[in-house]
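Since the model is a prediction, treat every value here as computed from it, not as a measurement. Heavy-atom basis, side chains included; hydrogens, waters and symmetry copies ignored.
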Amino acid sequence: MAWAKAPFCHSPRHRIINHEVIGQALLGILRWGLLLMLLAAACSSDEPTLVVAAASDLLPAMDELVAIFQQECGCRVRVTFGSSGTLVYQIRQRLPADVFLSADASYVDALTKDGYTHRGTERVYALGLLALAVPKGGEPAPKTLDELTAPRFNRIVIANPEYAPYGRAAQEALQNAGLWEVVQPRIVLAESASHATQLVKTGDAQAGIIPLSSAIASGDRLAWTSLPPQHYSPLSQKAAVLAHAPSPELGRRFLDFLTGPHGREVLRKYGFIIPEGG
């Protein structure tokens, strides 16, 4: 995308972000290596293990979801997080996982079309929303997108729209508001939605457009305002059991749980909308 090579790419600020992205990439490699080690350990045990590849916006909710499901299934659950686009790439490289929870339905649809999922297991489990956030203790959170044009917001972070659904939604919201061209020079791209949230928490960005779930889970580290969904298309989040899943039946049980009463209750708690009929 042309805007990805905007002038700020050559600024000291962007060099810092490059370092952050490189750091995130290395962290991703380490996480994948750790996952393989955990899988190897799990294979040496008789305890059934479910491995979930989850979009990073689910990070705040997964601890509760995993704790409840482990009690129900008498199994162990391992979770690896990333941007949905990055996880799709890893799944196509046969990431050892049973279930994929995407922040964007189109990613699951593409995997299904190419034979990477068990057909018939796909289902929309939630709709994701955005929030405007700033570090807690400073200026109040903006109430509208227009307020992001204020000079105090020199660094506005969003997840990279090239592979992060929440980044695309944030860009869509700014474009619909007629503000994209205005704020683009101050936009900082993060590796994922959770990375964007982290940059706001640490004050490396003065503002961010992040998942509402992350804002809710931030406790006292962020001041935030929910961004009304009329500015963008809420993210239709979809899940499926992977075709190469070591434990496909356990994967199906997890999706039944996720879209059942207990799963929906946790998702609502973190600001997700349960789709009609869900």
Chemist: Sorted by first residue and then second, give each disulfide (SG to SG under 2.5 Å) pair with at least one member in residues 51-94; sequence neighbours left out.
Modeler: C73-C75
Chemist: Looking just at side-chain N and O atoms, do N176 and Q230 make a donor-acceptor pair shorter than 3.5 Å?
Modeler: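 No, no side-chain donor-acceptor contact under 3.5 Å.
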Chemist: Evaluate the criterion side-chain contact (heavy atoms from CB on, under 4.5 Å) for residue pair T117 and V241; output intermediate values, then yes/no.
Modeler: CA-CA 6 Å; T117 69; V241 177; over 6 Å; no
Chemist: Would you say L111 and R92 make side-chain contact, with heavy atoms under 4.5 Å?
Modeler: yes
Chemist: Regarding S83 and E191, is there a side-chain donor-to-acceptor distance under 3.5 Å anywhere?
Modeler: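 Result is no, nothing qualifies.
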Chemist: Applying the 4.5 Å side-chain criterion to the ILVMFWY set and letting contacts propagate, would F69 and I274 be lumped into a single cluster?
Modeler: yes
Chemist: What is the distance from atom CG of N160 to atom NE2 of H195, rounded to the nearest 0.5 Å?
Modeler: 11.0 Å
Chemist: I'd like to know whether E172 forms a side chain to side chain donor-acceptor pair (under 3.5 Å) with S233, so could you lay out the CA-CA distance, the side-chain angles of the two residues, the decisive distance to 0.1 Å, and finally the verdict.
Modeler: CA-CA 8 Å; E172 178 190 354; S233 303; 3.1 Å; yes
Chemist: Hey, mind stepping through I158 and L189 against side-chain contact (heavy atoms from CB on, under 4.5 Å) and telling me if it holds?
Modeler: CA-CA 5 Å; I158 65 173; L189 300 181; 3.8 Å; yes
Chemist: Please report the shortest heavy-atom distance between A170 and I209, naming the atom on each side.
Modeler: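 That closest heavy-atom pairing would be CB-CG2, 3.7 Å.
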Chemist: Return the minimal non-hydrogen interatomic distance between L87 and A55, and the atom names on each side.
Modeler: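 Result for this residue pair: CD1-N, 4.0 Å.
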Chemist: Mark yes or no for whether W224, through its side chain, and A131, through its backbone, hold a donor-acceptor pair below 3.5 Å.
Modeler: no
Chemist: Can you check whether L95's main-chain N or O pairs, donor with acceptor, with H244's side chain at less than 3.5 Å?
Modeler: yes
Chemist: Quick one: salt bridge (charged side-chain N to carboxylate O under 4.0 Å, His left out) partners of D256, sequence neighbours excluded?
Modeler: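 D256 satisfies salt bridge (charged side-chain N to carboxylate O under 4.0 Å, His left out) with R123 only.
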Chemist: Tell me the closest heavy-atom pair linking L129 and P234, and the distance in Å.
Modeler: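 Closest approach of L129 to P234: CD2-CB, 3.9 Å.
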Chemist: Just how far is it from atom CD of Q206 to atom CZ of R186, taken to the nearest 0.5 Å?
Modeler: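 Q206 CD to R186 CZ: 9.5 Å, rounded to 0.5 Å.
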Chemist: If two hydrophobic side chains count as joined below 4.5 Å and joins carry through other members, does F257 share a cluster with V266?
Modeler: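 In one cluster: yes.
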Chemist: In the structure I gave you, are the side-chain heavy atoms of F272 and L212 within less than 4.5 Å of one another anywhere?
Modeler: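 Not touching, per the 4.5 Å side-chain cut-off.
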Chemist: Starting at CG of L258, measure out to CG of L101 and round the result to the nearest 0.5 Å.
Modeler: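 Between L258 CG and L101 CG, I get 6.0 Å after rounding to 0.5 Å.
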Chemist: Got T86 and Y89 here, is their nearest side-chain heavy-atom distance under 4.5 Å?
Modeler: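 T86 does not reach Y89 side chain to side chain.
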Chemist: With side-chain contact (heavy atoms from CB on, under 4.5 Å) as the criterion, how do S194 and F81 come out once you've worked through the C-alpha distance, each side chain's angles and the decisive distance to 0.1 Å?
Modeler: CA-CA 9 Å; S194 61; F81 295 100; 6.0 Å; no
Chemist: With sequence neighbours left out, what residues match D220 under salt bridge (charged side-chain N to carboxylate O under 4.0 Å, His left out)?
Modeler: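 Scan of D220 (salt bridge (charged side-chain N to carboxylate O under 4.0 Å, His left out), adjacent residues dropped) gives none.
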Chemist: Given the rule in the side chain to side chain donor-acceptor pair (under 3.5 Å) test, do T144 and D146 qualify, once you have shown the distances and angles that lead to the verdict?
Modeler: CA-CA 5 Å; T144 66; D146 287 329; 4.6 Å; no
Chemist: Excluding sequence neighbours, so at least two apart, what forms salt bridge (charged side-chain N to carboxylate O under 4.0 Å, His left out) with E64?
Modeler: K269
Chemist: Less than 4.5 Å apart, side chain to side chain, heavy atoms only: is that true for Y270 and S214?
Modeler: no
Chemist: Side-chain contact test, heavy atoms from C-beta onward, threshold under 4.5 Å: evaluate it for I91 versus F100 and give yes or no.
Modeler: yes
Chemist: Is a donor on one side and an acceptor on the other found under 3.5 Å between the side chain of T225 and the backbone of P142?
Modeler: yes
Chemist: Hey, mind stepping through Y163 and V88 against side-chain contact (heavy atoms from CB on, under 4.5 Å) and telling me if it holds?
Modeler: CA-CA 9 Å; Y163 44 79; V88 166; over 6 Å; no
Chemist: Residues in side chain to side chain contact (heavy atoms under 4.5 Å, CB included) with A173, at least two apart?
Modeler: L145, L227, H231, Y232
Chemist: Can you tell which of S213, S84, S192, P165 makes a side-chain contact (heavy atoms from CB on, under 4.5 Å) with D57?
Modeler: S213
Chemist: According to salt bridge (charged side-chain N to carboxylate O under 4.0 Å, His left out), does anything in residues 229-243 pair up with another residue at least two apart or in another chain? List the pairs.
Modeler: D109-K238
Chemist: If I take atom CG from residue L65 and atom CE from residue M62, how far apart are they, to the nearest 0.5 angstrom?
Modeler: 5.5 Å
Chemist: Tell me every residue that passes side chain to side chain donor-acceptor pair (under 3.5 Å) with D104, counting only those two or more places apart in sequence or in another chain.
Modeler: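 With neighbours one apart ignored, the set is S106, R168.
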Chemist: If you compare all heavy atoms of G128 against all heavy atoms of Y166, which two are closest, and at what distance to 0.1 Å?
Modeler: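 Distance-wise, the nearest heavy atoms are CA-OH, 3.3 Å.
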Chemist: Would you say that L179 contacts L148 through its side chain, given a criterion of any heavy-atom pair below 4.5 Å between the two side chains?
Modeler: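 They are not in side-chain contact.
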Chemist: Are the side chains of L222 and K136 in contact, using a 4.5 Å heavy-atom criterion?
Modeler: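 When only atoms from C-beta onward are counted, L222 and K136 do not touch, as no gap falls below 4.5 Å.
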Chemist: Going hydrophobic residue to hydrophobic residue with side-chain gaps under 4.5 angstrom, can you get from V124 over to L235?
Modeler: no
Chemist: Apply side chain to side chain donor-acceptor pair (under 3.5 Å) to Q175 and list each qualifying residue two or more places apart in sequence or on a separate chain.
Modeler: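 Checked Q175 against side chain to side chain donor-acceptor pair (under 3.5 Å); zero matches.
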Chemist: Among all residues two or more places apart in sequence or in another chain, which pass the side chain to side chain donor-acceptor pair (under 3.5 Å) test with Y116?
Modeler: none
Chemist: When hydrophobic residues are tied together by side-chain contacts of less than 4.5 Å, even through go-betweens, does L59 share a cluster with L127?
Modeler: yes
Chemist: Among all residues two or more places apart in sequence or in another chain, which pass the side chain to side chain donor-acceptor pair (under 3.5 Å) test with S247?
Modeler: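 Per chain and number, S247 pairs via side chain to side chain donor-acceptor pair (under 3.5 Å) with no residue.
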Chemist: Could you tell me which residues satisfy side chain to side chain contact (heavy atoms under 4.5 Å, CB included) with A243, sequence neighbours excluded, listed by chain and number?
Modeler: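 With sequence neighbours excluded, A243 shows a side chain to side chain contact (heavy atoms under 4.5 Å, CB included) to no residue whatsoever.
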Chemist: Treating E122 as the side-chain partner and T112 as the backbone partner, does any N or O pair qualify as donor plus acceptor under 3.5 Å?
Modeler: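 No.
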Chemist: For the CG atom of L130 and the CD1 atom of I210, what is their distance to the nearest 0.5 Å?
Modeler: 9.0 Å
Chemist: Would you say that P96 contacts V51 through its side chain, given a criterion of any heavy-atom pair below 4.5 Å between the two side chains?
Modeler: no
Chemist: Do you know the tightest heavy-atom contact between S56 and A193?
Modeler: OG-N, 3.4 Å
Chemist: Under the salt bridge (charged side-chain N to carboxylate O under 4.0 Å, His left out) rule, collect the residues that match up with R119, sequence neighbours excluded.
Modeler: none
Chemist: Output the distance between atom CG (D63) and atom CG (L58), rounded to the nearest 0.5 Å.
Modeler: 11.5 Å
Chemist: Does one hydrophobic cluster hold both I68 and F254, with members joined at side-chain heavy-atom distances below 4.5 Å?
Modeler: yes
Chemist: Give me the atom names and distance for the closest heavy-atom approach of P248 to D98.
Modeler: N-OD1, 4.5 Å
